Amino acid sequence: MDLIRDFRDASYIKGILGAIKSESYRPINIMEICGGHTHTIMRFGLNQLLSDNINFVHGPGCPVCIIPKERIDHAILLSRQEDIILATLGDMMRVPGSLGSLIKERAEGRDIRMIYSPMDVIDIAKKNPDKMVVYFAIGFETTTPMTAALLDLTIQAGIKNIFLHVNHVLVPPPINAIMSSGDISIDAFIGPGHVSAITGTKIYEPIVKRYKTPVVIAGFEPLDILQAVLMIMRQFKENRCEVENQYKRGVNIEGNKKAQGLIKKYFETRDSFRWRGLGDIPESGLKLRDEFAKWDAEVVFSDILNVKPVDDHVLCRCGDILRGRIKPFDCIIFGKACTPENPFGPCMVSSEGACQAYYKYSMESVV
Ligand code: SF4
């Protein structure tokens, strides 16, 4: 089976659409947690193909979008130190904080490196022994093992000039926050494929039990998502409510034990982490364990990181989008004042952001 061609095959897609329609007897709200799924839904017009009874609600699973402004300010303040090189992934460069953005800081001469893999930090540190290299780490359970592996290698190799600013977060806590807020009504979730490859499927069991809401983990091709929708419809029809795994080619029950071991070795949960749009969520973020504090940029550079929480731009609705309360078209500056070239909020910048997906794939209906 060809994993791209066959999972986009029009005849398979037509067949599964027919099956979904024949099982569909009432309108349902399905939240896709992951921004990667939002992009597949918009790119292939799945929201339009299923518009009769299925409403896709976009969730909080974009790792760039959920970083609050004050943590971007941390990155900016670090980059302004003469003896620091700041390294981060590309999507973070244009996200606005209250002090500006990293791309503007770089234009003003700060040494900010856009990297493709956390391991690139090793090379930067070795080539610049007289500088301190701070890796601004973001991401859900998917990318945390790579940050842990970077620290592992740093320690093993005795490299003294690498530090981590950790912004890693977990998937279940924001889902609990959204469901217990009562803001929106969600009938089922499409679970994130990449996160689940690390964690396994069992992390969703408490959500299913507590909220009586099915979770079906899905891959990232259109057929994956449609098949997940069909599995959800069948759970409703058969009066079942469970965690199911559509993405068996990438995910199992237990997940990646080696990656989980690396995470556990170096990280512990924070008491609380502030999410853009969702506020403080208990035990939703990770930090380095105390015994690794000398690599923790928030500890080492605490004297320059004393910034207060900052609200979003008054017109930006990213928070409401991340909570599933509105869609990008409901933001009055979408595609007007706010565009990928001039973003007001992170949802327009990130390659997993809902606003960027709507802009990229629905431009003609907006502009
Ligand atoms: Fe924020 Fe722009 Fe999206 Fe509006 S369109 S919610 S301002 S990112």
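Order of appearance sets the numbers: ligands from 1, and atoms from 1 within every ligand. These numbers come from the heavy atoms of this one structure, side chains and all, not from hydrogens, waters or symmetry mates. It should be emphasised that the depicted structure is a prediction, and the values quoted were computed from it without experimental measurement.
Ranking the protein heavy atoms by distance from atom 3 (Fe) of ligand 1 puts C355 SG, 2.3 Å first. Residue, atom and distance of the protein heavy atom nearest to atom 4 (Fe) of ligand 1 are C331 SG, 2.3 Å. When hydrogens are left out, the protein atom nearest atom 2 (Fe) of ligand 1 is C338 SG, 2.3 Å; that is the closest non-hydrogen contact.
One N or O on the side chain of R276 and one on the backbone of I67 form a donor-acceptor pair closer than 3.5 Å. Under a 3.5 Å cut-off, the side chain of D224 and the backbone N or O of A218 do not form any donor-acceptor pair. The backbone N or O of I207 sits nowhere less than 3.5 Å from a side-chain atom of T213 that would complete a donor-acceptor pair. Put simply, the side chain of E70 never gets that close to the backbone of K308: no donor and acceptor are under 3.5 Å apart. Within the 3.5 Å criterion, the main-chain N or O of A137 finds a donor-acceptor partner in the side chain of N167.
Residue R317 has at least one heavy-atom neighbour below 4.0 Å for each of these atoms of ligand 1: 1 (Fe), 6 (S). The distance from ligand 1 to the heavy atoms of F344 drops below 4.0 Å at these ligand atoms: 7 (S). Listed by number with element, the atoms of ligand 1 under 4.0 Å from a non-hydrogen atom of I321 are 6 (S). Residue M348 has at least one heavy-atom neighbour below 4.0 Å for each of these atoms of ligand 1: 8 (S). Those atoms of ligand 1 that come under 4.0 Å of a heavy atom in G345, given as number and element, are 8 (S). Each of the atoms 5 (S) of ligand 1 lies under 4.0 Å from some heavy atom of F334.
Annotation: the span from Q260 atom CD to T144 atom OG1 amounts to 11.5 Å, rounded to 0.5 Å.
Hydrophobic clustering of Ile, Leu, Val, Met, Phe, Trp and Tyr side chains at less than 4.5 Å, counting indirect connections, keeps I326 apart from I33. In this structure, V229 is a member of the same hydrophobic cluster as Y25, with clusters built from ILVMFWY side-chain heavy atoms closer than 4.5 Å.
Across F301, F136, Y135, a single residue satisfies ring pair (Phe, Tyr, Trp, His ring centres under 6.0 Å) together with H165, and that is F136.
The closest approach between any non-hydrogen atom of P343 and ligand 1 is not below 4.0 Å.
The distance from atom 2 (Fe) of ligand 1 to the nearest N/O/S atom of C347 is not under 2.8 Å.
The proximity of C318 to ligand 1, defined as any non-hydrogen pair under 4.0 Å, involves the side chain as well as the backbone. With a heavy-atom cut-off of 4.0 Å, C316 touches ligand 1 through backbone and side chain alike. Using a 4.0 Å cut-off between heavy atoms, I333 contacts ligand 1 through its side chain alone, with no backbone atom that close.
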